[in-house]
Protein chains: 2
Amino acid sequence: MFSMLIMRSGGSSPEADLTARARIRDAALRRFATDGFGAPVRLVAADAGVSPALVIHHFGSKEGLRRACDEYVRTVIAEGKDPMYAASGAARRADLLAMLADVERFGVPTLYLLKAFQAGGDLARELIEDMVELTRSTLDDGVRAGTIRPSRDADARARYLVMLSVGSLVADQALHPSDPADPGAFVREYMSRSALPSAELFTEGLLIDRTMLDAVAATWPGLAPDPEPAPDPGLAPDPDPAPEPDPTPRTSDDPGTTP
Amino acid sequence: MFSMLIMRSGGSSPEADLTARARIRDAALRRFATDGFGAPVRLVAADAGVSPALVIHHFGSKEGLRRACDEYVRTVIAEGKDPMYAASGAARRADLLAMLADVERFGVPTLYLLKAFQAGGDLARELIEDMVELTRSTLDDGVRAGTIRPSRDADARARYLVMLSVGSLVADQALHPSDPADPGAFVREYMSRSALPSAELFTEGLLIDRTMLDAVAATWPGLAPDPEPAPDPGLAPDPDPAPEPDPTPRTSDDPGTTP
DNA sequence: ACAGAGGCTGAACGGGTGTTTAGCATGCTG
DNA sequence: CAGCATGCTAAACACCCGTTCAGCCTCTGT
């Protein structure tokens with residue numbers, strides 16, 4: 001059935017011994033990662049050194065090609081390796097966030113992922129759910145180990161943190177033009193730019209007094225009256241009922257610019 | 001010169017007394033905000049009750065229409081009011097972040113902005129710079145007033161915070177389908193989902209010990225050896241040179257999942 | 001050797017796109 | 001009234017897109 005996998009091998013180029021199907025998929029992955037999903041099938045075919053008709057012949061339609069790329073990226077994430085580049089063998093853990101950090105090896109899949117997040121779709125939603133779950137359990141481990149502060153709503157926090165990291169990466173990639181020759185460059189630059197402020201924010205926070213947090217926590221559904229996980233009873237929490245009819249206390253990083 | 005502003009008025013529909021040019025711009029704004037910038041000119045023209053040729057006649061090209069929408073959104077932001085809907089008059093402050101929060105009135109422009117951020121382009125870059133500058137000064141005010149912690153790199157922090165808030169909104173909007181009838185709904189939902197975790201993160205932080213922050217700060221270019229702005233000398237900062245050849249300490253919300 | 005199957009292609013099709021062109025109706029101006 | 005600019009449109013143009021079709025070439029089994 002899959003006899004097409006055995007083909008005349010022994011080519012000269014390092015990619016020549018790949019199936020045409022695999023070559024098309026790789027070209028599409030790269031093209032979609034750099035140009036977005038609006039990239040024409042003809043261009044993908046040209047990248048793979050193949051006629052546009054063959055793309056359709058193998059994948060049925062452009063959407064089929066997209067699905068094949070999605071599936072491939074999913075397996076890359078699950079297996080933690082990227083056979084397209086420098087197959088440095090040993091299987092790593094199925095850690096999505098770590099993969100996003102380890103960009104040197106996973107440049108193209110990472111860029112593809114960001115484009116998928118940008119465009120929405122099923123792959124994005126499923127991966128977000130995976131990342132939320134993984135982040136949730138990682139945070140729980142940290143809380144138990146005493147390295148991470150407990151939260152009043154661990155699920156909401158995990159989801160929020162995933163949206164923060166994924167979203168800022170997506171926005172950064174949309175704003176800065178990425179070099180097609182070095183697909184991992186922008187993530188590297190993003191991290192070198194955000195390493196210090198993120199470390200500051202995540203260990204020290206931003207706000208000094210707790211009135212805003214207390215006000216929001218008071219209106220949060222299904223919460224104990226005062227968990228008070230912080231060992232800092234310095235400022236007396238304002239017991240004022242807070243004239244806030246709805247739970248939308250400005251965007252989070254705009255604390256009190258219109259008081 | 002602008003005699004076209006005076007037209008036969010006294011229509012029945014609340015929008016009938018607008019110039020056709022303004023009607024086209026409004027339709028494009030709404031259509032781009034909901035469908036993205038790939039929306040066809042023909043559809044915009046149909047929304048405005050006008051022929052496609054007239055769109056080109058007034059704006060030169062689709063890109064010209066896009067530019068007009070950009071400029072309009074910019075003035076809406078600068079003036080702090082949205083004459084398209086419920087012109088509740090009184091000029092507000094030119095506060096972009098507050099506008100993002102005040103979504104009830106600014107639904108369509110906000111959605112348009114997010115689509116612009118998603119697609120990149122000049123409008124997005126310029127507005128990001130404005131927001132960075134505004135956030136920077138707001139944070140400085142807060143630091144002086146004693147409500148916000150000082151940072152080792154105020155510029156980097158302002159830029160990072162803007163990317164966080166904008167990016168998470170963009171990702172949220174890309175992942176969840178937005179209701180065209182209620183353009184502000186998704187921002188409202190986003191905020192009700194993220195109010196508590198953001199308040200927690202921004203007042204309490206996430207990490208308990210400071211080793212990661214110290215390690216990053218040690219390699220940050222142009223930084224005093226130990227500013228130590230935190231009034232918490234509880235844990236002894238590890239003076240270890242930190243075996244980290246490059247400044248990429250994982251993604252910020254993945255603290256130590258692969259130790 | 002011959003038939004068949006499958007990888008593969010050049011050329012075309014049908015539909016959607018932004019834009020152009022020629023012309024219509026209207027209102028202002030001499 | 002003629003002349004003309006202006007707002008506006010129907011129709012077409014030129015292009016790009018994804019996809020289809022008929023057929024070529026090269027293997028492989030008998």
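Residue numbering restarts at 1 for every chain, and letters A, B, ... go by the order of the sequence lines.
Between B:Lys115 and B:Asp35, none of the side-chain N atoms (NZ, or NE/NH1/NH2) sits under 4.0 Å from a carboxylate O, so this pair counts as no salt bridge.
Separating the CZ atom of B:Phe37 from the C1' atom of C:dT17 is a distance of 18 Å, rounded to the nearest angstrom. At whole-Å resolution of the value, NZ in A:Lys62 and P in C:dG15 are 19 Å apart. Here C:dG7 presents its C1' atom at 6 Å from NE2 of A:His58, a figure rounded to the nearest Å. Atom CG of A:Asp35 and atom P of D:dC17 are 12 Å apart (whole Å). Going from atom CD1 of A:Ile24 over to atom P of C:dG7 covers 11 Å, rounded to whole Å. Separating the CZ atom of B:Arg42 from the P atom of C:dG15 is a distance of 14 Å, rounded to the nearest angstrom. Atom CZ of B:Arg66 is separated from atom C1' of C:dT17 by 18 Å (rounded to the nearest Å).
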Can you list the steps and then say if A:Asp155 with A:Val132 is a side-chain contact (heavy atoms from CB on, under 4.5 Å)?
CA-CA 8 Å; A:Asp155 281 315; A:Val132 167; 5.9 Å; no
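Residue-environment remark: CD (B:Glu126) exceeds the threshold of 12 foreign heavy atoms within 6.0 Å.
Proximity of residues 45-56 of chain A to DNA chain D (heavy atom under 4.0 angstrom from any strand atom) is restricted to A:Ala53, A:Ile56.
Contact annotation: A:His57 side-chain N/O to C:dG7 OP1/OP2 distance is under 4.0 Å.
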Could you list the donor-acceptor pairs under 3.5 angstrom formed by side chains in residues 37-55 of chain B, with sequence neighbours left out?
from	atom 1	to	atom 2	distance (Å)
B:Asp47	OD1	B:Arg31	NH2	3.2
B:Asp47	OD2	B:Arg31	NE	2.7
B:Asp47	OD2	B:Arg31	NH2	3.0
B:Ser51	OG	B:Leu54	N	3.4

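With sequence neighbours excluded, the residues that form a side chain to side chain donor-acceptor pair (under 3.5 Å) with B:Glu129 are B:Arg159.
No donor-acceptor pair under 3.5 Å is formed between the side chain of A:Gln173 and the backbone N or O of A:Phe186.
Each of A:Pro40 and A:Gly60 was matched to the nucleotide of DNA chain D holding its nearest heavy atom; the match closer to the 5' end belongs to A:Pro40.
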